[in-house]
Peer 1: 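Sending over a structure as structure tokens; questions will come in a sec.
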Amino acid sequence: MPDYNLSYFYVFAFFVAAAIFITLLLGLARLIAPRKVTVEKARTYESGEEPVGQAWSRYPTHFYVFALLFVVFDVEVIFLFPWAVLFRTLGWYGLVEMVIFIAILVVGLYYAWRKKALNWY
Amino acid sequence: MTFDFLEMVLFAILAIAIVGAGAAVVLVGRITSAALFMAFTFLCMAGMFLLLGAETIAAFQVLIYVGAITVLILYGVMFTPQGSRDYGLFFQKQTPWAIVFVAFLAVPVMVFASSFQDGRPLARGGDLVPLATSLFGDFAYPFEVASVLLLAALVGAIVLVKRDDEEIR
Amino acid sequence: MPIGPFGIDPGIWAPLRLLLAVALTLFLVLNGALLMIYLERKIQAIIQDRTGPHHVGPFGLLQTFADAIKLLSKEDVRAKATDKAFFLMAPMIVFSPMVASFVVLPFAPDFVGADLNIGLLYLTTLGSMAVLGIVIAGWASNNKYSLIGGLRSAGQLISYEVPQILSLVTVVLVVGSLSMVDITRSQAGPFVNFLVLPFAFVGYFIAALAETNRTPFDLPEAESELVAGYLTEYSGMRWGTFLALTEYGEVTVVCSIMTTLWFGGWQGPGVDALPALGIVWFTLKVYVFVLAFMWVRATLPRMRIDQLMDFCWKVLIPMALVNILATAVLLLAFPGNLWPIAIVNWALVAALVFALPALQKRRLRTFRERTRLSAA
Amino acid sequence: MTPAVPLGAFIAVSAALFFIGCAGVLTRRNAVVILMCVELMLNAANLALVAFSRRYGATDERGSVFVVFVFVVAAAEVAVGLAIVLSAYRTRPVVNVDEARAMKG
């Protein structure tokens with residue numbers, strides 16, 4: 001087992017290695033593959049229809065509510081992990097704390113449910 | 001020590017990346033590019049936390065900032081019209097003055113900041129347990145308040161977003 | 001002078017080990033993808049009473065190699081309207097975290113890239129980064145199908161991340177550590193975590209299907225309605241990176257997590273005597289789950305997006321929260337005794353499998369009744 | 001063991017990022033970009049907190065605990081901030097920032 005200090009250098013190295021690998025792979029593909037750009041090929045594919053305008057426009061905000069809920073629950077997770085690890089040391093005290101914490105968030109989930117914010121359409 | 005050298009090199013790379021990407025967020029015109037540069041800054045910041053030995057904080061940083069907040073902001077970018085003209089807030093009319101003001105403050109603060117000396121360095125690795133001990137011991141009350149804050153944010157944002165939906169229908 | 005493993009100087013061994021780890025991981029990812037594509041096609045064929053690939057090589061074994069060469073030599077078309085920088089960057093953003101996930105996977109005793117203290121948290125973290133790449137891919141394509149695919153995908157991935165993480169937390173509660181090696185070691189006996197925490201496993205399995213965009217949750221791609229969603233504008237090897245390498249790599253990662261957390265990882269008969277046997281056990285267990293994924297794909301139809309979201313937020317997340325709290329309470333109430341937790345967990349599984357469809361059936365019946373009455 | 005990188009270097013990077021964010025908030029005119037710059041400033045504060053917590057002779061992880069709360073605040077801030085931006089954009093079709101005036105009383 002190497003020094004623990006080096007552990008995260010591994011992570012960094014893996015990231016860099018993956019990026020290099022993909023670059024090499026795509027570079028190889030670029031060398032092998034033919035490249036003949038035509039107007040038709042470079043057109044956005046929308047099932048043969050002529051694309052109308054840009055796709056970058058506004059979309060309904062239903063999507064946003066889910067992102068919002070996710071952020072809230074993601075923040076909950078950063079408390080859950082330390083709690084779960086230290087659970088046995090914290091005992092009942094920690095459990096009560098976490099029950100209150102989750103209960104307050106569940107109120108939020110219930111509110112979103114009642115407001116029909118959990119419906120996709 | 002080879003590891004010291006490695007650490008210094010990594011720090012230099014990360015520092016340059018953070019300052020460069022941070023500046024890019026401010027300077028780049030397109031919002032999506034700015035959002036991505038922001039995500040990159042956050043990622044490099046996680047690297048900084050790792051250099052400081054705070055692995056849990058680094059993981060939380062990526063989980064919250066890159067995984068959640070950047071996605072939220074990208075959503076925000078997608079739901080707002082692109083390329084419409086910009087208005088200024090009242091204090092944004094004097095861009096040059098703002099720059100001078102910030103630079104005037106920045107230089108002495110930077111000099112002051114770099115003068116800090118290390119105290120007793122902590123042992124590396126494993127900041128999860130001390131973190132959790134403080135969090136659920138001394139900071140139990142702020143911890144509960146945090147959930148109330150989240151609840152308030154959730155309810156407020158749903159009210160803001162959903163009200164508009166009903167108006168449109 | 002200190003001497004590292006195999007009598008090599010540590011100053012040389014450390015970089016060498018890193019190089020080996022990287023090479024092995026990339027090798028695994030590439031070959032895993034090739035093997036899994038072959039398996040996928042063959043198994044689907046068997047289930048659907050077809051032969052599957054059989055032209056190239058014996059039993060069509062070389063078919064995927066031929067496909068890989070084909071992908072490499074295909075023209076990489078980039079539509080004019082796309083945003084160049086983001087379009088080229090997106091495959092890298094999804095690929096790198098997937099490769100980095102392999103750092104903490106324990107294949108055998110002492111055969112792990114780096115045993116991080118926070119291994120499980122690290123894996124969740126990397127899982128959350130893939131969302132970014134998919135949103136960017138959809139956005140950069142400047143194609144309505146892609147954008148909607150990307151948005152849906154983001155909605156799905158972020159929603160299912162919550163029950164996924166909650167299931168992991170339940171295991172951490174029982175084990176008390178985030179290190180993948182510790183979690184494996186805690187399940188030394190025949191009583192693996194699955195027997196104690198089946199509901200957490202079922203929740204994780206469902207969420208993992210969604211996280212890897214596999215049927216019945218393959219809405220982001222949805223080739224029949226969104227012409228492959230965020231992948232519409234991708235072609236050639238760039239598409240191959242996205243779909244073949246990343247998707248199958250992620251399947252390997254989530255299956256390894258399931259193996260480690262619920263089925264004892266490398267543990268198995270004979271590992272104590274011969275540690276290298278751990279690799280065999282680990283691989284076998286992982287491939288059982290990979291096969292399960294493929295079976296599910298061949299069996300179930302695609303879900304509708306609103307059903308998908310409803311299931312996540314109204315069923316999976318509340319049940320996972322109940323599971324966490326119940327597990328915590330029972331752990332404290334009966335220290336050292338896992339039977340109550342197991343009973344509650346199996347009861348939850350039963351509720352998910354039996355009570356939920358019954359409830360849904362009743363709701364549908366009343367709904368039909370009401371529509372009939374209002375029509376009459 | 002003395003660390004290779006001194007504490008001052010971390011704090012200097014933190015200060016630099018903070019002022020970059022500050023300049024962004026003062027000069028940029030798009031509400032979403034302003035939110036991003038605020039996030040940068042919060043992150044700079046996080047770096048300073050963690051650096052002091054790990055290196056300035058603290059005996060526990062109090063600084064890091066504050067970082068966790070900063071995460072909470074940042075998430076809540078972005079969620080509500082973007083909701084405000086979205087609803088501002090929705091009520092007025094044209095728009096970019098300076099809804100500040102429209103929201104006044």
Side-chain angles (χ1 to χ4, degrees), chain B residues 1-3 5-6 24 28-40 42-43 45-47 49-50 53-80 82-83 123-132 136 147 154 158, chain C residues 9-12 14-15 18 83-87 89-90 92-93 96-97 100 104 114-140 142 146-148 150-159 161-162 164-165 172 176-179:
Chain B
M1 277 291 285
T2 43
F3 188 71
F5 177 68
L6 201 63
V28 157
R30 283 182 39 209
I31 316 175
T32 345
S33 312
L36 269 205
F37 275 118
M38 183 191 68
F40 185 67
F42 292 156
L43 209 58
M45 193 57 97
F49 292 154
L50 287 180
E55 49 181 4
T56 315
I57 296 292
F60 288 167
Q61 161 92 7
V62 179
L63 196 66
I64 298 292
Y65 275 104
V66 182
I69 288 183
T70 308
V71 173
L72 202 62
I73 282 184
L74 277 175
Y75 265 54
V77 173
M78 283 181 197
F79 294 140
T80 53
Q82 302 275 312
R124 285 171 157 276
D127 68 330
L128 182 67
V129 172
L131 184 74
F136 296 102
S147 75
L154 182 67
I158 287 178
Chain C
D9 179 64
I12 302 169
L18 176 60
D83 186 307
K84 190 175 178 198
F86 290 158
F87 191 77
M89 205 163 33
M92 222 176 273
I93 296 179
S96 297
V104 292
D115 176 25
L116 303 181
N117 291 333
I118 53 157
L120 207 52
L121 183 58
Y122 167 80
L123 282 172
T124 5
T125 299
L126 290 179
S128 73
M129 280 172 72
V131 186
L132 202 60
I134 287 176
V135 177
I136 288 166
W139 191 86
N142 195 2
S146 299
L147 200 67
I148 294 174
L151 283 175
R152 270 188 180 191
S153 175
Q156 171 188 326
L157 290 182
I158 59 181
S159 295
E161 215 172 293
V162 179
Q164 191 186 20
I165 299 172
V172 177
S177 169
L178 286 173
S179 151

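Convention: sequence-line order gives letters A, B, ...; per-chain numbering from 1.
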Peer 1: How close do Gly155(C) and Tyr75(B) get, heavy atom to heavy atom, and via which atoms?
Peer 2: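 Closest approach of Gly155(C) to Tyr75(B): N-OH, 3.2 Å.
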Peer 1: Other residues, nucleotides and ligands only: do more than 12 of their heavy atoms fall within 6.0 Å of CZ on Phe136(B)?
Peer 2: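 Atom CZ in Phe136(B) is packed in, count exceeds 12.
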Peer 1: Hey, what do you get for CG (Leu36(B)) to CD1 (Ile93(C)), rounding to the nearest 0.5 Å?
Peer 2: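 One gets 5.5 Å once the value is rounded to the nearest 0.5 Å.
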Peer 1: Please indicate whether Phe86(C) has more than 12 foreign heavy atoms, meaning atoms of other residues, nucleotides or ligands, lying under 6.0 Å from its CZ.
Peer 2: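 Correct, the count exceeds 12.
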Peer 1: Heavy atoms only: give me the nearest Val62(B)-Ser128(C) pair and the separation to one decimal.
Peer 2: O-OG, 4.4 Å
Peer 1: Please lay out, stage by stage, how Leu128(B) and Asn117(C) fare under the test side chain to side chain contact (heavy atoms under 4.5 Å, CB included).
Peer 2: CA-CA 8 Å; Leu128(B) 182 67; Asn117(C) 291 333; over 6 Å; no
Peer 1: What is the minimum heavy-atom distance between Thr125(C) and Leu63(B), and which atoms define it?
Peer 2: CA-CD1, 3.8 Å
Peer 1: Given heavy-atom pairs under 4.5 angstrom as the criterion, report whether the side chain, backbone, both or neither of Ile136(C) touches chain B.
Peer 2: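 Side chain only.
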Peer 1: Would you mind checking which part of Ile64(B) comes under 4.5 Å of any heavy atom in chain C, side chain (CB onward), backbone (N, CA, C, O), both or neither?
Peer 2: neither
Peer 1: Distance check, rounded to the nearest 0.5 Å: Leu116(C) atom CG versus Glu55(B) atom CD?
Peer 2: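 Result: 7.0 Å between the selected atoms.
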Peer 1: By a 4.5 Å heavy-atom criterion (distance strictly below it), what part of Ala46(B) contacts chain C: side chain, backbone, both, or neither?
Peer 2: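 No part of it gets close to chain C.
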